[in-house]
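Please read the structure below before turning to the comments.
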Amino acid sequence: MLLQGFDSEDIAQQLNIAVGTVKNHRKKIYAKLQIGSLSELFQLFLTHLLTS
């Protein structure tokens, strides 16, 4: 959903969870991927597509 352009509030609404929960999951995803922003996530995703 992040890569589709949804923000934390949109994701929370669609999944029927709290915005804070979405933010916590985002932090954990970023930490596991060793990135710090959504733009870095997009870059990682595009790099993966190009090398696959």
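Just so it is clear, the values below take in all heavy atoms, side chains as well, and ignore hydrogens, waters and symmetry mates. Everything numeric in this text was worked out from a predicted model, so none of it was measured.
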Could you go through residues 9-26 and list every donor-acceptor pair under 3.5 Å that involves a side-chain atom there, pairing it with any protein atom two or more places apart or in another chain?
from : atom 1 : to  : atom 2 : distance (Å)
N24  : ND2    : G20 : O      : 3.4
R26  : NH1    : S8  : OG     : 3.0
R26  : NH2    : Y30 : OH     : 3.1

Which pairs of donor and acceptor atoms, one on a side chain in residues 40-52, lie under 3.5 Å apart (sequence neighbours left out)?
from : atom 1 : to  : atom 2 : distance (Å)
E40  : OE1    : G36 : N      : 2.6
E40  : OE1    : S37 : N      : 3.2
E40  : OE1    : S37 : OG     : 3.4
T47  : OG1    : Q43 : O      : 2.8
T51  : OG1    : T47 : O      : 3.0
T51  : OG1    : H48 : O      : 3.3
S52  : OG     : H48 : O      : 2.7

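Taken to the nearest 0.5 Å, the CG atom of L2 stands 6.0 Å off from the CD1 atom of I29. Expressed to the nearest 0.5 Å, how far CG of L3 lies from CG of L38 amounts to 7.5 Å.
Every residue two or more places apart in sequence or in another chain that forms a side chain to side chain contact (heavy atoms under 4.5 Å, CB included) with Q4 is listed here: M1, F6.
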